[in-house]
Structures are given as structure tokens and as C-alpha cells.
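Just so it is clear, the values below take in all heavy atoms, side chains as well, and ignore hydrogens, waters and symmetry mates. What you are looking at is a predicted structure, and each value in this text was computed from that prediction instead of being measured. We're numbering straight along the sequence, starting at 1.
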Amino acid sequence: MRLPLKSPLTAAWLFSAAFLIIVLVAVGGATRLTQSGLSITDWKPISGVIPPQTSQDWQAEFDNYKKIPQFSEINPHMQMDQFKGIFWWEWTHRLIARVVVGVVLFGGFVVLLLLREIPARLIWRCVGLFVLGGAQGGVGWLMVASGLSQRVSVAPEMLAAHLLMALLLLIATVWTAFEALEGGKRGRGAPGGWMAATIILLVLVVLQCVLGAFVAGNQAGLVYNDWPLMNGHVLPPAGGSHDAMGVLHDQGVVQFAHRCNAYLLLIYATAFAVILGRKAQDDGLKFTATALSTLIWVQATLGVATLVTVVAFGFALTHQVLAACLVALATALTWMMARADRGFRRGRF
């Protein structure tokens, strides 16, 4: 039996995986906001799926946590019940990661491969998704390890790398899902200029997310909590360090960069949607671009609300979840631009 050229079943599997990746990002955000990420101090990819079962098991986990600087410097009076609260956030985050990589990506791939449902051109791409998911887990552990000895939290650059890997996995999954749904490319796509402009928009969205990770990793949302100024000034005060790592750890610098890229993204996405609406005849493209631009304005509003409320949990978590959704939507727009049909080109795009 020949393999199909397109497969709605494969697409449904991949879209489901993309949804779970967004859920994973959401739980990761909650884990960070509750300062739970260092509560599990070892990495057991298989046996770690089973949580502590007895009081002795819980005490052993708590004793391990007591050995790291976060306990001695931030939580020296923490009790067992409080420890269990942060433990469950991190355990849930890791469990969902195992489900995404082990059950959904790998298990789904094996089942659909045996059913001969995966188009031939997508088989190795799906293998790549599983590998990327596994690498994401490794980066996650390196991130945790960066906060176990000389720091009271994970290194901001490792948090940014962890989020970037998750977003790259999300982009690859969404793109491959559309490929499975629609089959092989038949047209030439949109003109090169518009294709490049759409890729730039996607890059700006991802960059904004990464800058947000640096803000979170440096706890920069807890300072300069006015807007549009920063403690009454246009620019934050100059930091004392001039090396690259020092700049990445400067609260004022990373928050200023996050703000500036947000302004650039707002202007670019709005102009993109307006001009596309005038030039294109493809209703799907125009709707997606308008939706993306509108949600970017919503996201900016959430960002300001998160800042002025000094990182209120609800605002901050919604801000992170919407960021992941924007990456998925920008990926969909980029894929649609790459697949623009002939009718779209005849519309003098």
C-alpha cells in the first residue's frame, strides 16, 4: 500500500502535539512564577515520573532541596507543606514534557507509521520533532542545574534557551501539521518580498518571547514598574558591567530591550496587516494577519498590566501563554504565505 500524499490523521496528531506544547509552556510559566523550578534537584527521565510515595520519600526530596542556595538564602523557614506545593508544579511540568515527547511525539509517530498514515516526505521531519523534543528536555535540565550551586535561581540565558527550544519545537510541529493536512507544495507561494516580510514578522515575535525570558530570568519585571517611562526616565540608568553576560543580566537593559522590541513589533505587525489587507485578495491570509496584529496589541496591553501590577500571577501567566499562541499563529501565517495559490497571485499581490 502506497503512503498517502496528505493525511488529516497525521495533521490532527501534530496539532494535538502543538496544543500540548503550549500547555507545557503555560505550566512552565506557572512553575517559574511560583519559584518552583528548583524543587526537584535531580534528573531521572524514567523513574522520575513516580512522585514521592511515603513520608520518608518526601523528606529525602526536601533534604535535597535544603542543600541548594535557594533554600538557605530565600526559603530558610520553608515547611514540608510549602515544599510540596512547589514540588508539584515542577513535577507536573516534567510530567507533561514526558507526555509530549514520549507518548505523543514518539508513540504517535510509531502508531501512525505502522498504520502507513504519515506521508513519505514527512517521516524524517517527524523523527526530527522527536529528537528536538528530547533535546529540549536536556536543555531544561541544564537550566535547572544552573541554579543548584552558585545561584538562587536559574541562569537567565538558560531560561531563554529553554523557552527558545520549546518555541522552535512548536514552530516545527505546527508547520509539519499544515504540511500533512494540505499535501505537497503545488504553487510558487507569495512573491519573495512578502515571504521575507512574513518571516521577519515571525522572527520578531520569537525574539520578543526570548527577550521576555531574559526579563523573567532577571526578575526585571519587579523593577521600573511605571509605563511608558522607566522610573520617570526614558532610559534606565547605565549598569556597571560592559561585558556581554553582564548586559544580559542587567535588569534595566533587558526590560528596555523588551519594551523597544514590543514597540517595533506593534508597528510592524499593524503595518503588515493594513498593507496586506489592501494588496492581497486571499481572505484567509488577510484574516490571519489581522488576527495576529490584533492579538499582538492585546499581548502588549497584558505586558503593561503585568509590569504595573509588579508581575501579578494572572496577568503574567496569561502574557506567557498568549506569547506561545502568537508564535503558533505567526507560523501559520508564514506557512500560508509560502502556499499562496494562483488566484492569490492573480490578485496583483
Which pairs count as side-chain hydrogen bond (donor to acceptor under 3.5 Å, both in side chains) when at least one residue sits in [range], sequence neighbours excluded?
{"range": "residues 91-101", "value": "Glu90-Arg94"}
{"range": "residues 312-321", "value": "Arg32-Gln320, Gln299-His319"}
{"range": "residues 162-172", "value": "Gln136-His162"}

Check: Is there a path from Trp124 to Leu129 through hydrophobic residues (I, L, V, M, F, W, Y) whose side chains come within less than 4.5 Å of each other?
Finding: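 As far as the 4.5 Å side-chain criterion goes, Leu129 and Trp124 are connected within one cluster.
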Next item on the list: Examine Leu211 and Leu322 and state if one hydrophobic cluster contains both, with Ile, Leu, Val, Met, Phe, Trp and Tyr joined whenever side-chain heavy atoms are less than 4.5 Å apart.
Entry: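 No: no chain of side-chain contacts under 4.5 Å links Leu211 to Leu322.
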Could you state the interatomic distance from [atom1] ([X]) to [atom2] ([Y]), rounded to the nearest 0.5 Å?
{"X": "Trp141", "Y": "Ile40", "atom1": "CH2", "atom2": "CD1", "answer": "9.5 Å"}
{"X": "Ile118", "Y": "Thr10", "atom1": "CD1", "atom2": "OG1", "answer": "5.0 Å"}
{"X": "Thr334", "Y": "Ile171", "atom1": "OG1", "atom2": "CD1", "answer": "8.0 Å"}
{"X": "Thr176", "Y": "Leu181", "atom1": "OG1", "atom2": "CG", "answer": "12.5 Å"}
{"X": "Ile21", "Y": "Leu169", "atom1": "CD1", "atom2": "CG", "answer": "3.5 Å"}

Checklist line | Backbone N/O of Ala155 and side chain of Ser146: donor-acceptor pair under 3.5 Å | finding: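 Checked: pair present.
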Next item on the list: For the residue pair Gln82 and His77, confirm or rule out a side-chain donor-acceptor distance under 3.5 Å.
Entry: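 Not at all, the side chains of Gln82 and His77 share no donor-acceptor pair under 3.5 Å.
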Item checked: Flag for Gln251-Asn218: side-chain donor and acceptor within less than 3.5 Å ->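 No, no side-chain donor-acceptor pair sits under 3.5 Å.
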What are the two closest non-hydrogen atoms of [X] and [Y], and how far apart are they?
{"X": "Pro69", "Y": "Val152", "answer": "O-CG1, 4.0 Å"}
{"X": "Tyr224", "Y": "Gly252", "answer": "CE1-CA, 3.5 Å"}
{"X": "Phe62", "Y": "Met78", "answer": "CZ-O, 3.4 Å"}
{"X": "Leu285", "Y": "Leu276", "answer": "O-CD2, 3.8 Å"}
{"X": "Ala323", "Y": "Cys209", "answer": "CB-SG, 3.8 Å"}

Next item on the list: Could you walk me through whether Phe130 and Phe109 pass ring-ring contact (aromatic ring centres under 6.0 Å, His included), step by step?
Entry: CA-CA 9 Å; Phe130 172 70; Phe109 171 74; 8.3 Å; no
Notebook entry, point to check: Are the charged groups of Glu73 and Arg151 less than 4.0 angstrom apart, N to O?
Noted result: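 The answer is no: the pair does not qualify as a salt bridge.
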Next item on the list: Please step through side-chain contact (heavy atoms from CB on, under 4.5 Å) for the pair Glu182 and Trp335, ending with a clear verdict.
Entry: CA-CA 11 Å; Glu182 297 295 334; Trp335 185 89; 3.3 Å; yes
Notebook entry, point to check: Should Thr331 and Leu170 count as side-chain neighbours, where that means a heavy-atom distance under 4.5 Å?
Noted result: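 Sidechains of Leu170 and Thr331: no contact.
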Item checked: Audit row: Trp194, Phe272, ring-ring contact (aromatic ring centres under 6.0 Å, His included) steps and yes/no -> CA-CA 9 Å; Trp194 275 103; Phe272 183 97; 5.4 Å; yes
Margin query: List the residues meeting ring-ring contact (aromatic ring centres under 6.0 Å, His included) with Trp297, not counting sequence neighbours, and say none if there are none.
Written below: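 Listed in chain order: nothing, the list is empty.
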Checklist line | Under the ring-ring contact (aromatic ring centres under 6.0 Å, His included) test, residues paired with Phe15 that sit two or more places apart | finding: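 Partners of Phe15 under the ring-ring contact (aromatic ring centres under 6.0 Å, His included) test: Phe178.
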Notebook entry, point to check: With sequence neighbours left out, which residue pairs that include part of residues 200-219 fulfil the salt bridge (charged side-chain N to carboxylate O under 4.0 Å, His left out) condition?
Noted result: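 Matches after skipping sequence neighbours: none remain.
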Notebook entry, point to check: Can you list the steps and then say if Arg339 with Glu179 is a salt bridge (Lys or Arg N to Asp or Glu O under 4.0 Å)?
Noted result: CA-CA 10 Å; Arg339 289 297 193 92; Glu179 290 285 311; 3.1 Å; yes
Next item on the list: May I ask you to check whether over 12 heavy atoms, not counting those of Phe87, lie within 6.0 Å of atom CZ?
Entry: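 Result for CZ/Phe87: enclosed.
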